[in-house]
Protein chains: 2
Amino acid sequence: MAPANKVNADLQREREKCTFNTTELTNLIDGGADKTEERKKREDMALKEGIHIEEVPAEYLSHKENYELAVKKACLLFKMIRKLQEEENTGMENYMAVLGGTLGSAILRDGSPLTLHYVMFIPTLMGQATVEQQAYWIGRAFNLDVVGTYAQTELGHGTFVRGLETTATYDPATKEFVLHSPTLTSYKWWPGGLAHTANYCIVMAQLYTKGKCHGIHPFIVQLRDEETHMPMPGIKVGEIGAKLGMNGTNNGFLGFEHVRIPREHMLMKNSKVLEDGTYVNAPSSKLTYGTMMFVRVVIVQDMCTYMAKAVTIATRYSAVRRQSQPKPDEPEPQIIDYVTQQHKLFVGIASVHAFRLSAQWLWTMYNNVTAELEAGDLDRLPELHALACCLKAVSTADAAECVERCRLACGGHGYMLSSNLPLMYGLVTAACTYEGENTVLLLQTARYLVKAWQQAAGGNALTPTVSYLANSAVGRRHPPWDNTIEGIILGFQRVAASKISLCVENIERRQKSGMSYEDAWNMTSVQLTSASEAHCRAILLSCYLEETLKSVKEASPALREVMMQLVDLYIVYWALRCVGDLLRFTSISERDIAQLQSWYESLLTQLRPNAVGLVDAFDLRDEILHSTLGAYDGRVYERLMEEAMKSPLNKEPVNQSFHKYLKPFMQGKL
Amino acid sequence: MAPANKVNADLQREREKCTFNTTELTNLIDGGADKTEERKKREDMALKEGIHIEEVPAEYLSHKENYELAVKKACLLFKMIRKLQEEENTGMENYMAVLGGTLGSAILRDGSPLTLHYVMFIPTLMGQATVEQQAYWIGRAFNLDVVGTYAQTELGHGTFVRGLETTATYDPATKEFVLHSPTLTSYKWWPGGLAHTANYCIVMAQLYTKGKCHGIHPFIVQLRDEETHMPMPGIKVGEIGAKLGMNGTNNGFLGFEHVRIPREHMLMKNSKVLEDGTYVNAPSSKLTYGTMMFVRVVIVQDMCTYMAKAVTIATRYSAVRRQSQPKPDEPEPQIIDYVTQQHKLFVGIASVHAFRLSAQWLWTMYNNVTAELEAGDLDRLPELHALACCLKAVSTADAAECVERCRLACGGHGYMLSSNLPLMYGLVTAACTYEGENTVLLLQTARYLVKAWQQAAGGNALTPTVSYLANSAVGRRHPPWDNTIEGIILGFQRVAASKISLCVENIERRQKSGMSYEDAWNMTSVQLTSASEAHCRAILLSCYLEETLKSVKEASPALREVMMQLVDLYIVYWALRCVGDLLRFTSISERDIAQLQSWYESLLTQLRPNAVGLVDAFDLRDEILHSTLGAYDGRVYERLMEEAMKSPLNKEPVNQSFHKYLKPFMQGKL
């Protein structure tokens with residue numbers, strides 16, 4: 001057992017046998033040694049204030065106390081961000097990026113009631129307000145004269161935005177909009193910070209003017225008095241109740257009883273309502289896609305962070321934990337020596353890199369397409385949209401699976417909140433639903449793929465990320481199976497193409513038998529989601545390989561070797577997991593499969609000595625991991641006991657319920 | 001929108017179009033109309049006391065308040081059970097079965113601190129105490145003169161029982177055992193009720209006498225003073241802290257500092273220590289397997305209940321929720337009309353029946369084997385053990401997946417604690433770890449399968465549940481693929497046999513290359529768990545078909561038809577999900593697969609009108625479901641709002657944190 005400040009001996013031994021320089025990998029991940037230094041400096045600054053320290057761990061507080069703590073911490077965090085920004089005279093975004101992300105989530109572990117002010121209220125003003133509106137609102141928002149949020153989702157409608165029911169009806173007599181909630185289902189439901197924190201809100205509502213509905217538009221509405229914070233007349237606002245996670249975000253509901261706001265409170269950068277009620281259309285409705293796609297790229301990055309945290313915790317724990325005795329004359333092995341455990345962990349390490357590099361690649365593409373958009377070129381927008389949809393869906397699903405697999409790999413101790421794995425799962429699984437429900441998103445990608453397939457079959461050129469469909473679509477012969485990394489990637493492309501082809505066939509067959517296109521689509525939709533996922537897997541595998549090859553060009557041979565082992569592991573893992581697809585649509589043989597299985601097992605063995613080094617290189621501080629099982633020093637059992645002692649129940653030897661209930665019950669006097 | 005007491009119109013319509021009599025199915029599930037009536041009567045009795053009613057929902061209380069509420073509720077529940085037992089003069093077990101199970105979990109939603117007294121403390125006394133010990137202890141335990149628990153797992157060891165470190169050393173001078181915790185990792189950790197509830201405990205410890213260790217044995221130890229409830233000298237006891245779920249169970253830790261107990265406090269039905277310290281061995285150590293296997297059978301049944309709850313909630317919600325507009329001139333469809341949604345839900349309905357019937361079948365086998373055991377026949381014990389291991393592992397993993405899929409199928413609202421789905425997931429996923437970690441259990445089954453394979457290859461006879469291995473093991477030719485339900489089951493048997501065969505080959509190959517058997521086993525263990533799961537799937541599919549055929553013999557044609565559709569759905573679903581295995585090891589063709597896919601899609605369509613009827617037939621009352629989304633009347637949105645209003649945060653228009661933190665922060669004065 002390791003005393004305080006001493007590293008667990010098993011973990012120490014793991015670090016000694018690591019074959020590469022973990023700092024080199026950390027720098028590679030950060031994008032250079034200077035970036036690593038900068039990040040560490042900011043972490044130091046942020047943590048030295050001690051905002052993250054919890055006297056009583058949050059899990060012992062009531063829901064209400066947790067909200068109050070979250071408001072306190074959020075105010076202190078953003079105060080610090082403002083201070084740093086003023087000191088260094090740099091843009092707020094710089095600090096938001098660092099402190100609002102990984103570090104912010106270390107301080108506000110279960111979400112922040114001020115996040116939407118910074119990530120939705122202000123950006124929406126910047127994107128959708130006119131210059132005059134920006135002049136008035138953005139200063140006030142940055143200065144925190146107002147605290148805002150963004151309300152779109154309703155009790156009755158989420159991903160299907162067109163179905164929202166809140167109305168904003170223009171009254172030319174008073175030059176006001178009347179906001180109203182015609183039904184219970186039209187109540188806004190979910191916006192963070194809405195319940196008791198924000199005093200202003202951007203509300204998405206169906207715009208009516210001159211008796212006609214013009215669809216969803218944004219309006220600024222005052223929710224609470226700036227002085228007293230009391231809800232304004234006609235505003236019904238409160239919180240939606242306890243959730244699986246994110247209980248610090250203060251998610252709220254909001255209903256309107258004929259609430260009047262001045263005409264100038266409609267955000268009119270795109271569409272406008274003139275004083276007389278005339279509606280002037282937006283130049284292009286595609287412009288609003290930008291934010292949505294940006295958020296989805298950010299989600300993919302977020303998922304990498306969560307997976308990195310989870311595998312760090314589970315890998316370190318697996319090096320410390322010893323269990324069972326397969327050989328009677330030898331000590332209990334570290335559980336990381338069990339191949340079933342390696343199978344659970346190592347693909348998680350590889351996944352972090354696969355999604356990290358894919359997110360970077362998508363980010364570059366997003367910036368290119370945005371630049372093209374601003375130059376009036378909308379060509380690659382549908383392709384980007386299709387990619388962002390499926391990558392959001394697959395990354396969130398994979399991250400949820402990875403975090404949960406890591407949690408279960410820690411056995412009973414992973415079930416303790418002090419491991420931090422349950423809380424993390426709560427946050428990751430939320431992402432499977434928010435910002436576009438995953439099944440809906442996969443079907444959006446599928447719609448693009450079906451179109452692309454039909455274009456290719458018609459001999460038309462395809463955009464880069466779907467160009468692999470061309471060969472299949474025109475019925476060209478495929479090369480025989482090649483049992484290499486490159487061969488597997490080609491195989492995955494072939495699987496995706498074949499699945500899309502089958503979907504198109506099935507839809508057409510069903511239409512011929514008399515179904516409408518919509519019904520034929522619906523009947524085929526299970527297969528369509530599967531085709532969409534297959535497309536995403538093909539992209540992920542090739543992107544991971546290509547981007548790794550680029551990024552390790554300058555790396556030391558030792559690091560390059562490990563990075564390539566991870567790529568191999570990831571790709572072989574997915575080949576074995578999707579072996580049914582490969583058998584259906586390529587010429588892979590049983591002999592090839594047996595070889596892949598042996599290859600996979602030997603990759604696990606090769607990676608085994610570097611496992612702890614690989615997670616150390618993610619360089620996630622103890623304050624960020626916040627885990628009894630995953631701390632750098634491996635004092636697992638000591639920390640479990642220390643954390644247990646923080647429970648308020650352990651502050652008294654006898655709980656009052658003994659005298660109140662248990663003893664009377666035992667004596668038959670209850 | 002439905003007013004109170006009126007059923008949602010969509011749900012009403014679903015019930016009208018159901019093609020079978022739901023009461024007939026309820027009776028079939030309960031085992032007869034009289035059993036249904038009896039169950040309902042007990043539910044009425046239990047619920048009329050109102051113990052289940054929470055003024056403030058538990059999710060708004062602090063951890064400590066939740067414990068105190070759990071003690072109160074547990075005392076009231078067991079008081080009621082005692083009363084009923086006395087009134088009807090029947091065995092306590094009768095009431096425990098009903099009230100401790102589904103109903104108990106409706107009252108103590110997040111676990112009970114008294115459960116282990118009834119399900120482990122008393123049964124262990126009955127199974128392992130001598131007649132004299134039973135005479136002294138069992139009366140006291142039933143009478144609640146003592147509240148007990150059972151402590152086995154330690155901080156450092158769980159599933160691997162031999163590794164436990166707590167010692168009980170016999171001192172012949174005083175005729176006492178000295179209990180001691182030599183290390184931090186030897187502290188007991190996890191037992192329910194241990195922290196602040198129980199005053200006695202059965203402790204599993206390494207028995208030392210005359211300088212020799214005789215392995216793990218049970219001892220009764222007093223933890224707390226019977227009057228004051230203060231911990232006894234040398235006893236270190238407390239709670240282990242907050243967890244993902246089961247926060248009502250009061251899981252505790254326990255350490256000993258040379259605590260002395262009389263010799264008579266060792267439970268000596270099996271092994272004994274005489275006054276002089278002589279150790280007398282147990283007649284058969286296999287006898288203690290009984291309880292462990294019993295618990296695993298109960299877990300499979302539990303998993304059925306959780307799945308039934310989850311699919312009931314998600315199916316009803318999916319009939320009420322309307323979303324999107326695939327056809328511009330039609331209203332938004334109920335989301336249950338999306339085939340992707342049917343794909344998520346209907347297999348869950350089938351799974352309930354598949355596991356319910358498999359659990360019944362295993363229960364019968366358990367009783368037969370126990371009877372044989374008592375007659376001294378141990379032949380079928382290993383087979384039963386292998387089955388209980390893999391069925392526990394597969395049922396808990398499938399149930400966790402099913403509950404989580406149902407939760408995600410409810411979109412954002414499934415994330416609300418008021419849906420009850422998150423809490424349910426917390427309880428189900430715990431079962432993947434407790435009572436034998438799933439991967440470890442699958443490997444135990446694999447060990448049995450490898451032995452069976454080697455027996456069969458040697459031409460020896462096999463026990464019934466593995467007899468299907470015989471043909472493959474002696475290299476007999478297999479019939480060609482038959483694309484029917486029976487054909488699929490044969491295919492799954494072939495897959496299991498082939499996987500076991502491959503494992504045996506790989507282990508032997510590795511041994512020949514110089515590895516020890518243990519290392520070869522470890523290297524092959526990913527494949528071994530997969531073989532073990534394949535065996536379990538083959539059993540489940542054939543058991544589900546056969547037991548359904550038996551159980552619907554007397555059923556009406558309408559019910560029989562639906563029950564068989566569910567069997568077909570389940571088996572075709574698994575064929576498609578494991579299509580890679582079927583392609584590898586059988587002669588299934590691409591054409592067969594396309595047919596299965598169409599068959600699957602048409603089964604979804606056939607089951608669609610009966611979906612709500614099928615979940616109604618599980619007959620889970622609103623008090624048991626405890627869900628805003630799943631209540632019988634479908635008042636989903638009204639209930640979500642009503643529950644939200646119960647949040648303490650919604651009791652005040654302005655939270656104090658505004659004046660304390662937010663306003664000062666906004667004014668730059670924080």
Side-chain angles (χ1 to χ4, degrees), chain A residues 1 59-60 62-64 68 71-72 75 79 144 155 158 160 184-185 196 229-230 238-244 323-324 326-327 339-340 343 411-412 415-418 422 433 437 439 518 522-523 525-526 579-580 583 601 637 643-644 647-650 653-655 657-658 661-662 665-666 670, chain B residues 1 59-60 62-64 68 71-72 75 79 144 155 158 160 184-185 196 229-230 238-244 323-324 326-327 339-340 343 411-412 415-418 422 433 437 439 518 522-523 525-526 579-580 583 601 637 643-644 647-650 653-655 657-658 661-662 665-666 670:
Chain A
M1 211 78 47
E59 50 262 41
Y60 298 114
S62 72
H63 183 74
K64 192 173 167 186
E68 290 161 0
V71 172
K72 180 181 170 184
C75 290
K79 184 184 155 194
L144 278 156
L155 197 42
F160 179 60
L184 173 59
T185 48
H196 297 90
H229 213 54
M230 284 294 286
E239 81 142 343
I240 61 171
K243 295 142 292 169
L244 171 54
Q323 200 76 182
S324 201
K327 298 178 188 172
V339 175
T340 47
H343 177 57
Y415 198 71
M416 304 292 309
L417 293 193
S418 72
T433 307
E437 194 277 330
T439 303
E518 293 80 8
N522 187 25
M523 278 306 288
S525 57
V526 171
V579 76
L583 280 163
E601 286 153 355
Y637 300 113
E643 278 300 308
S647 163
L649 273 172
N650 285 334
V654 177
N655 179 269
S657 62
F658 171 71
Y661 308 116
L662 192 56
F665 169 58
M666 290 168 75
L670 187 75
Chain B
M1 211 78 48
E59 49 262 41
Y60 298 114
S62 72
H63 182 74
K64 192 174 167 185
E68 290 162 359
V71 173
K72 179 181 169 184
C75 290
K79 184 185 153 192
L144 278 155
L155 198 42
F160 179 60
L184 173 58
T185 48
H196 297 91
H229 213 57
M230 285 293 288
E239 80 141 345
I240 62 171
K243 295 142 292 171
L244 170 54
Q323 201 77 182
S324 202
K327 298 179 189 171
V339 175
T340 47
H343 178 57
Y415 197 71
M416 303 293 308
L417 294 193
S418 73
T433 308
E437 195 276 331
T439 303
E518 292 79 9
N522 186 25
M523 278 305 289
S525 57
V526 172
V579 76
L583 280 162
E601 285 153 356
Y637 300 113
E643 278 301 307
S647 163
L649 273 171
N650 286 333
V654 178
N655 179 269
S657 63
F658 172 71
Y661 309 116
L662 191 57
F665 169 58
M666 289 169 75
L670 186 75

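Note: hydrogens, waters and symmetry copies are ignored here, and every other heavy atom, side chains too, is used. Lettering follows sequence order; numbering is per chain, from 1.
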*Evaluate the side-chain contact (heavy atoms from CB on, under 4.5 Å) criterion for residues A:His196 and B:Leu649: first the C-alpha distance (whole Å), next the side-chain angles of each, then the deciding distance (0.1 Å), finally the verdict.*
CA-CA 8 Å; A:His196 297 90; B:Leu649 273 171; 3.8 Å; yes
*Worked check of side-chain contact (heavy atoms from CB on, under 4.5 Å) between B:Leu244 and A:Met416*: CA-CA 6 Å; B:Leu244 170 54; A:Met416 304 292 309; over 6 Å; no
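Nearest heavy atom pair, residue A:Cys75 against residue B:Tyr661, reads SG-O, 3.9 Å. Contact between A:Ala644 and B:Glu239 at its shortest, heavy atoms only, is CB-O, 3.6 Å. Across A:Gly238 and B:Asn650, no two heavy atoms sit closer than the pair CA-OD1, 3.4 Å. The two atoms that bring B:Lys64 and A:Asn655 nearest to each other are CE-ND2, 3.9 Å, heavy atoms only. Listed here is the closest heavy atom pair of A:Glu518 and B:Pro326: CG-O, 3.4 Å.
For the atom pair NZ (B:Lys72) and OG (A:Ser657), the distance works out to 11.5 Å, reported to the nearest 0.5 Å. Interatomic distance, B:Leu662 CG to A:Glu68 CD, rounded to the nearest 0.5 Å: 12.5 Å.
Chain B forms the most heavy-atom pairs under 4.5 Å with one residue out of A:Ser324, A:Pro422, A:Gly241, and that residue is A:Ser324. Here B:Thr340 is the residue among B:Thr439, B:Val579, B:Thr340 with the most heavy-atom pairs under 4.5 Å with chain A. Among the candidates A:Gln323, A:Glu59, A:His343, the residue making the largest number of heavy-atom pairs closer than 4.5 Å to chain B is A:Gln323. Top candidate by heavy-atom pairs under 4.5 Å with chain B, chosen from A:Pro648, A:Gly580, A:Ala242, is A:Ala242.
A heavy-atom distance below 4.5 Å is not found between the side chains of A:Thr433 and B:Tyr415.
With a threshold of 4.5 angstrom between heavy atoms, A:Phe658 approaches chain B through side-chain atoms but not through N, CA, C or O. Only the side chain of A:Glu437 comes within contact range of chain B, with at least one heavy atom under 4.5 Å from a heavy atom of that chain. Using a 4.5 Å cut-off between heavy atoms, A:Ser62 contacts chain B through both its backbone and its side chain.
Without hydrogens or angle criteria, A:Lys79 side chain to B:Phe665 main chain gives no donor-acceptor distance under 3.5 Å.
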